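Let me begin by presenting the structure, written as structure tokens, before commenting on it.
Note that the structure is predicted; figures quoted are calculated from it, not measured. Atoms considered below: every heavy atom in the structure, side chains included; atoms not considered: hydrogens, waters and symmetry mates. The chains referred to below are lettered A, B, ... by the order of the sequence lines, with proteins before strands, and numbering in each begins at 1.
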There are 4 protein chains.
Amino acid sequence: MVEYRIDRGSGVPAYVQIVEQTERALRMGTLRVGDKLPTAREVVAATAVNPNTVLRAYRDMEQAGLVELRRGLGTFVTRSLARPGAEDDSPLRAELTAWTARARAAGLERADVLALVTAALDAYDNEQHSKEEDA
Amino acid sequence: MVEYRIDRGSGVPAYVQIVEQTERALRMGTLRVGDKLPTAREVVAATAVNPNTVLRAYRDMEQAGLVELRRGLGTFVTRSLARPGAEDDSPLRAELTAWTARARAAGLERADVLALVTAALDAYDNEQHSKEEDA
Amino acid sequence: MVEYRIDRGSGVPAYVQIVEQTERALRMGTLRVGDKLPTAREVVAATAVNPNTVLRAYRDMEQAGLVELRRGLGTFVTRSLARPGAEDDSPLRAELTAWTARARAAGLERADVLALVTAALDAYDNEQHSKEEDA
Amino acid sequence: MVEYRIDRGSGVPAYVQIVEQTERALRMGTLRVGDKLPTAREVVAATAVNPNTVLRAYRDMEQAGLVELRRGLGTFVTRSLARPGAEDDSPLRAELTAWTARARAAGLERADVLALVTAALDAYDNEQHSKEEDA
DNA sequence: GTGGTCTAGACCACT
DNA sequence: GTGGTCTAGACCACT
């Protein structure tokens, strides 16, 4: 079961945070096709967000083809975003877990880690771009 | 010089994206105390965002003590968020760069990588929490 | 309920005037934790200021930790600035009320009174400074 | 000689602060007809404000008939705002000085004192208004 | 030329 | 209905 955490004050709309967190769970394989999302009522209880806000997020994901809202039954995952390589037991994941532990132990904050990763991704993408241009 | 990229479809307000990207540059040491941010006009030219939106972002960072807006002169970094361990030549960074390359080569998208890192951070934090509770 | 009065000829930005008047009400205890500020619309109706200007003021106070903007609900005081000694029934206040009446009756304008008080404050502060230096 | 103190960050334009502080000195009798204001150069040295900003303030006061700019000579007070009752040795002033000392000693901040005075002035004015209406 | 305030107005997020 | 973002555009403050 996904557990949503809404960071009010981040400036990111609540419904966007719900969508992002759901997609993340889909990519990680935490959430699979057929799985049920928490009910609006449950999300409300956990996050103090208004039910309409949850429904807005769920509706957005339905339009994106990720979930299906079944009246009276709940909301269910209809498409996987899971990647081979992102599974629980993948080597890549184990390596990252180890690296993260080292980074945090070295004093880097969550935001520092995220900044580093974003920078690494940007660097990689730029490099690929220039290779493509060379070709 | 920072270069802002605004993703208009992300649902994240433009001014928040500017703040986030600036903070990231501060954490990475790309931007240092005394450095000048691009002028509102320059950002407008590069991102097609309205000048008011840029100023809103800059003002927010000023109130957070990160930069100083000097009328007639420009906007300047007043506080560093740089971390030892996040420098260009740090081992942690080199390791992450290598890992990212492998992840991307293995077919993981940018969003997959970010999802993995977020998961790893969550896992680490949860573990620390439970250790603290044990203690 | 606070009632804002915007003096358009003063050269002081309208949003600053709103912040100042709110803080004054907080210091006086007129406004307490949990109290609701007038909605942007109400302020607009009363002052002919643009809603954006009101929101700018409210946002500034939110960042200062004084109030909380709750979408769909309103804006609420989250921190007190009240001082013992500034209450309605404090002797200090009674004395000042009496003094003010005498000053006004003696022909001093509002601005004169404010000038006198500012001078008295400056004099007191300077004296304290020099005492500290002596010590 | 007036000494200007510019509070950047107060949100009040620098030139307005200069005008306000000058008027205060005029009301207090600290500055009298014929007195010379500090030169732009001196103000710049003391406040790190741009000379044009000082000149802007002086020009505004010239238009208000308070001072006269004499090229090559300086800026001179041409009108008094002094009030009987606001002199250095007036009883009102002595009483206020004493009251201020007590207020500060009781823990009230500068801003608290100013808030109290403003409230007292408002209260007095409201009372007068209602008396006038009765009459 | 650089930042800063303000307005009117459109559209969105949230209750 | 309440706050929130964004735009275009006018005009101001400051260097």
Quiz item: Between the side chain of C:Thr78 and the main-chain N/O of C:Leu66, is any donor-acceptor distance below 3.5 Å?
Solution: yes

Quiz item: Quick one, which residues of residues 7-19 of chain C touch DNA chain E with a heavy atom under 4.0 Å?
Solution: C:Arg8, C:Pro13, C:Ala14, C:Tyr15

Quiz item: Does any residue of residues 46-54 of chain B have a heavy atom under 4.0 Å from DNA chain E, and if so, which ones, in number order?
Solution: B:Asn52

If I take atom [atom1] in residue [X] and atom [atom2] in nucleotide [N], what distance separates them, rounded to the nearest angstrom?
X       : N      : atom1 : atom2 : result
B:Leu69 : E:dG4  : CG    : C1'   : 9 Å
C:Leu55 : E:dA13 : CG    : P     : 16 Å
B:Leu37 : E:dG4  : CG    : P     : 12 Å
B:Met61 : E:dG3  : CE    : C1'   : 14 Å
D:Asp60 : F:dC12 : CG    : C1'   : 12 Å

Considering all heavy atoms of both residues, which atom of [X] and which atom of [Y] are nearest to each other, and what is their separation?
X       : Y       : result
C:Ala40 : C:Leu55 : CB-CD2, 4.2 Å
D:Val43 : D:Val54 : CG1-CG2, 3.7 Å
B:Ala82 : B:Gly29 : CB-CA, 4.3 Å
D:Leu37 : D:Leu31 : CD2-CD2, 3.5 Å
A:Ala64 : A:Arg79 : O-NH1, 3.3 Å

Quiz prompt | A:Leu69 side chain reached by A:Met61 side chain, heavy atoms, under 4.5 Å | solution = no

Quiz item: When you look at CD of A:Glu62, are more than 12 heavy atoms from neighbouring residues, nucleotides or ligands closer to it than 6.0 Å?
Solution: yes

Distance-only donor-acceptor pairs under 3.5 Å for side chains of residues 111-122 of chain B, two or more places apart:
{"residue": "B:Asp112", "atom": "OD1", "partner": "A:Arg27", "partner atom": "NH1", "Å": "2.8"}
{"residue": "B:Asp112", "atom": "OD2", "partner": "A:Arg83", "partner atom": "NE", "Å": "3.1"}
{"residue": "B:Asp112", "atom": "OD2", "partner": "B:Glu109", "partner atom": "N", "Å": "2.7"}
{"residue": "B:Thr118", "atom": "OG1", "partner": "B:Leu114", "partner atom": "O", "Å": "2.8"}
{"residue": "B:Asp122", "atom": "OD1", "partner": "A:Arg110", "partner atom": "NH1", "Å": "3.1"}
{"residue": "B:Asp122", "atom": "OD1", "partner": "A:Arg110", "partner atom": "NH2", "Å": "2.9"}

Practice problem: Look at C:Arg56 and E:dT5 and indicate whether a side-chain polar atom (N or O) is within less than 4.0 Å of OP1 or OP2. | Solution: yes

Quiz prompt | Under-4.0 Å side-chain N/O to phosphate OP1/OP2 contact, B:Thr39 with E:dG1 | solution = no

Exercise. Determine which bases of DNA chain F form Watson-Crick or G-U wobble pairs with both distances under 3.5 Å, and write the result as a 5' to 3' dot-bracket string with | for other-strand partners.
Key: ||||||||||||||.

Quiz item: salt bridge (Lys or Arg N to Asp or Glu O under 4.0 Å): which pairs involve residues 30-42 of chain A, sequence neighbours left out?
Solution: none

Quiz prompt | Candidates F:dG4, F:dT5, E:dG3 - which lies nearest the side chain of C:Arg71 | solution = F:dG4

Quiz item: Taking for each residue the nucleotide of DNA chain F with the nearest heavy atom, is it C:Gly72 or B:Leu73 whose nucleotide lies nearer the 5' end?
Solution: C:Gly72

Please output the side-chain donor-acceptor pairs of residues 11-24 of chain C that fall under 3.5 Å, not counting sequence neighbours, one pair per line with the distance.
{"residue": "C:Tyr15", "atom": "OH", "partner": "C:Arg56", "partner atom": "NH2", "Å": "3.1"}
{"residue": "C:Gln17", "atom": "OE1", "partner": "C:Asp7", "partner atom": "N", "Å": "2.7"}
{"residue": "C:Gln17", "atom": "NE2", "partner": "C:Asp7", "partner atom": "O", "Å": "2.9"}
{"residue": "C:Gln17", "atom": "NE2", "partner": "C:Ser10", "partner atom": "OG", "Å": "3.2"}
{"residue": "C:Gln17", "atom": "NE2", "partner": "C:Val12", "partner atom": "O", "Å": "2.8"}
{"residue": "C:Gln21", "atom": "OE1", "partner": "C:Arg5", "partner atom": "N", "Å": "2.9"}
{"residue": "C:Gln21", "atom": "NE2", "partner": "C:Arg5", "partner atom": "O", "Å": "2.7"}
{"residue": "C:Thr22", "atom": "OG1", "partner": "C:Tyr4", "partner atom": "OH", "Å": "2.8"}
{"residue": "C:Thr22", "atom": "OG1", "partner": "C:Ile18", "partner atom": "O", "Å": "2.6"}

